[in-house]
Amino acid sequence: MIDFRRKKMASKASRRAGCAILGAALLLVPVLSAAPVRAETPSLSVSGYAPAERTAPLAKPLWTASIDVPGADGFFYEGNAAAENGIVYAISGSKLVARSAADGKVLFSYGKDLRPFVKLASDLAVVVHKDGRIAALSAATGKRKWISEAGMQADGRTPFIGKDRIYALNDDGLTALRASDGKRLWADVKEPMGMGPYSLSEHDGVLLLTYVVSGAITSTQLNAVDAATGKLLWTANRTGAPLLVRDGLVYTVKEMWMLADMDRTPERQIEMPVLSLRSGAVKGTRLYDYEVEGSPPYPIRSPILALDKNDLYVDGGGAKLFKFDFKSYAAGAKPVETYFKRNERMQLAGPPQGGRILLVSQDNGGLYGIKTANGHPVTWLADNPVVRSEIYGNRIFSAQSDGYLYGFDLQTTEPLLKVATGSREYGPTLKTGDVLIVQTKGRLIAVKLPR
């Protein structure tokens, strides 16, 4: 016989024992949580510097528009978009769309299978179909004037625009088309040992083309071609695009190659052969001497040159910038003036603008300047790294990696406007009349410029 009372009493005793154990455990909790808790500490902590934010009036967009983005061959072609006479041209949805710069209204469109770039040639808008056919349209109305055969223009490159010609590039070489009707004038001009051409300029019936030529040493090469026939006239090795073409003479610059023990001496020399435009014969050679600062081993860098009328500016790669008298050359020419850059990480950006020598920083991409009159420094200070800059007249437009573009007064350095772009990538900033066109990855932003 089962004694239910004894079993019930045992069950109660068991529950009391369990409660006692649980109570003891609960009493231990605050004791355990009271143990010291230590926060993790870094092995190194370094403070950086945040530049002060630039203040400028925020420009409200007049309009925005989507544009096609190139593929793996590169983000921006030379002419992703173009602007002229109050009209903005770009490829959107594989077709050319022309808009009014003032309000973004679509004026006309063309095509349905176009590569994402457009170029302007006088009164023509030039586009390329995906099969390589080049089409020339009226820039005012969009009416097609002519179209070339397929395969004329290779992918990944854009045609060169001449005065009254369009030069197509493909695997067979360079082909000249008459701009008015697309007639082929000559074809298959090619440098067998070279890649390119990378630049093209027209001078009194002669084309000057630059190539990169591979051999024992890779170098640049300048080729001269008869513009009427496409016949090769002459070549100049170790020579890039000409510094100046004037009065039938081509002023070229020889590449500075590394020679034995060159890093042991600060003396440097620019060799400038002067060639006949038609024959390539050497009519003379100019030599410009300068010295780099520092101590051995001295840096070996090809100089950067910029010509401003009668003044030749030379950046030898150090912290100094040299000016030579280009008009009145004499043997053994020495600098007539020396400017001091802030540091050797500044590079000459081009000829002076508005009395300012322009330098671009290799560290933050920003533009800096030196007054030609007295050598005093000038800064158009951005507050973030600059991706690219354009100058129109007395205004500098600098697009930053933080998604803003600033406009500065070239003379006073004061910020004039600020544009929110929302992008880290930019094509050339365009201008037509009083409208600025900011070109970002996949979008155009139009803003009205302040007076």
Between Leu174 and Leu169, is the side-chain contact (heavy atoms from CB on, under 4.5 Å) condition met? List the steps.
CA-CA 5 Å; Leu174 188 71; Leu169 290 164; 3.4 Å; yes

Shortest non-hydrogen contact from Leu348 toward Tyr313
CD2-O, 3.9 Å

Here the pair of heavy atoms bringing Ile166 nearest to Pro159 is CG2-CB, 3.9 Å

Test side chain to side chain donor-acceptor pair (under 3.5 Å) applied to Ser66 and Ser92, step by step
CA-CA 6 Å; Ser66 298; Ser92 179; 5.9 Å; no

Would you mind reporting whether Leu367 and Thr379 have side-chain heavy atoms less than 4.5 Å apart?
no

Would a distance-only check, ignoring hydrogens and angles, find a side-chain to backbone donor-acceptor pair under 3.5 Å from Lys254 to Asn237?
yes

What's the separation between atom CZ in Arg99 and atom CD1 in Ile437, rounded to the nearest 0.5 Å?
10.5 Å

Quick one: sort the His129 and Tyr110 rings into parallel, tilted or perpendicular, breaks at 30° and 60°.
perpendicular

I'd like to know whether Val438 forms a side-chain contact (heavy atoms from CB on, under 4.5 Å) with Thr440, so could you lay out the CA-CA distance, the side-chain angles of the two residues, the decisive distance to 0.1 Å, and finally the verdict.
CA-CA 6 Å; Val438 184; Thr440 70; 4.2 Å; yes

Determine whether a donor-acceptor pair (N or O, by modelled atom type, separation under 3.5 Å) exists between the side chain of Asn223 and the backbone of Thr235.
no

For the pair Ile396 and Gln353, evaluate side-chain contact (heavy atoms from CB on, under 4.5 Å) and give the outcome as yes or no after the intermediate values.
CA-CA 10 Å; Ile396 295 176; Gln353 303 279 326; over 6 Å; no

Report the distance from atom CD of Glu390 to atom CG of Leu405, rounding to the nearest 0.5 Å.
8.5 Å

Please check if the side chain of Tyr298 supplies one atom and the backbone of Glu267 the other of a donor-acceptor pair under 3.5 Å.
no

Is the His376 to Phe340 ring centre distance short of 6.0 Å?
no

Counting neighbours of CG on Asp171 that are heavy atoms of other residues, nucleotides or ligands and sit closer than 6.0 Å, is the number greater than 12?
no

Shortest non-hydrogen separation from Thr421 to Ile445 and the atoms involved:
CA-CD1, 3.8 Å

Assess Arg286 against Phe326: is NZ or CZ under 6.0 Å from the centre of the six-membered ring, and within 45 degrees of the ring's axis?
yes

Steps toward salt bridge (Lys or Arg N to Asp or Glu O under 4.0 Å) verdict (Lys231, Asp226):
CA-CA 5 Å; Lys231 180 182 177 181; Asp226 188 305; over 6 Å; no

Could you pull out the closest heavy-atom pair between Thr429 and Leu436, with the gap in Å?
CG2-CD1, 3.6 Å

Hey, does Lys320 have a side-chain heavy atom less than 4.5 Å from the side chain of Phe322?
yes

Could you tell me the separation between the CG atom of Leu312 and the NZ atom of Lys327, rounded to the nearest 0.5 Å?
15.5 Å

Examine distances only and state if a side-chain atom of Trp234 and a backbone atom of Leu277 form a donor-acceptor pair shorter than 3.5 Å.
yes

Do Lys418 and Tyr406 meet the cation-pi criteria used here (NZ or CZ under 6.0 Å from the six-membered ring centre, within 45° of the axis)?
no

Are Pro273 and Glu271 close enough that some pair of their side-chain heavy atoms sits under 4.5 Å apart?
yes

Does a donor on one side chain and an acceptor on the other come within less than 3.5 Å for Thr252 and Thr239?
no

Looking at Glu425 and Lys441, does any basic side-chain N land under 4.0 Å from a carboxylate oxygen?
yes

Rounded to the nearest 0.5 Å, what separates atom OG1 in Thr218 from atom CD in Glu255?
10.0 Å

Nearest heavy-atom pair of Gln439 and Leu444: which atoms, and what distance?
CG-CD2, 3.8 Å

Could you walk me through whether Tyr329 and Tyr288 pass the ring pair (Phe, Tyr, Trp, His ring centres under 6.0 Å) check?
CA-CA 9 Å; Tyr329 173 77; Tyr288 294 94; 5.3 Å; yes

As a quick check of understanding, evaluate salt bridge (Lys or Arg N to Asp or Glu O under 4.0 Å) for Arg278 and Asp204, giving each step before the final call.
CA-CA 9 Å; Arg278 291 297 307 184; Asp204 299 325; over 6 Å; no

Got a sec: does the CD of Gln269 have more than 12 other heavy atoms crowding it under 6.0 Å?
yes

Rounded distance [0.5 Å steps], CG in Leu120 versus CG in Leu124:
9.0 Å

Gap between atom NE2 of His203 and atom CG of Leu249 - 0.5 Å precision
12.5 Å

Indicate yes or no for a side-chain donor-acceptor contact from Tyr426 to the backbone of Ser423 under 3.5 Å, with no hydrogens or angles considered.
yes

Could you go step by step and tell me if Asp409 and Gln411 meet the side chain to side chain donor-acceptor pair (under 3.5 Å) rule?
CA-CA 6 Å; Asp409 186 288; Gln411 298 296 324; over 6 Å; no

Side chain of Gln153, backbone of Arg157: donor and acceptor closer than 3.5 Å?
yes

Hey, are the side chains of Lys371 and Tyr339 touching, using non-hydrogen atoms and a 4.5 Å cut-off?
no

Is the number of heavy atoms from other residues, nucleotides or ligands within 6.0 Å of CZ (Arg424) greater than 12?
no

In terms of side-chain geometry, is the basic nitrogen of Asp103 or Lys105 positioned less than 4.0 Å from the acidic oxygen of its partner?
no

Within the structure provided, determine whether Asn85 and Thr432 are in side-chain contact (heavy-atom separation under 4.5 Å).
no

Start with the C-alpha gap between Phe324 and Val336, add the side-chain angles, then the distance that decides, and say whether side-chain contact (heavy atoms from CB on, under 4.5 Å) holds.
CA-CA 5 Å; Phe324 293 87; Val336 296; 5.7 Å; no

Min side-chain heavy-atom separation Val212-Gln221 under 4.5 Å:
no

Non-hydrogen side-chain atoms of Asp383 and Asp402 separated by less than 4.5 Å:
yes

Quick check against the 3.5 Å criterion: does Trp63 have a side-chain atom that pairs as donor or acceptor with the backbone of Ala101?
yes

Would you indicate whether Tyr290, at its atom OH, is surrounded by more than 12 heavy atoms from other residues, nucleotides or ligands within a distance under 6.0 Å?
yes

Within 45 degrees of the ring normal and closer than 6.0 Å to the centroid, is that where the cationic atom of Arg165 sits relative to Phe160?
no

Could you tell me whether a side-chain N or O of Lys448 sits under 3.5 Å from a main-chain N or O of Pro61, the two making a donor and an acceptor?
no

If only atom types and distance count, is the side chain of Ser148 paired as donor or acceptor with the main-chain N or O of Ile134 below 3.5 Å?
yes

Exercise: identify the closest heavy-atom pair between Tyr368 and Ser361
CE1-CB, 3.7 Å

Exam field: side chain Ser94 to backbone Asp113, donor-acceptor pair closer than 3.5 Å:
no

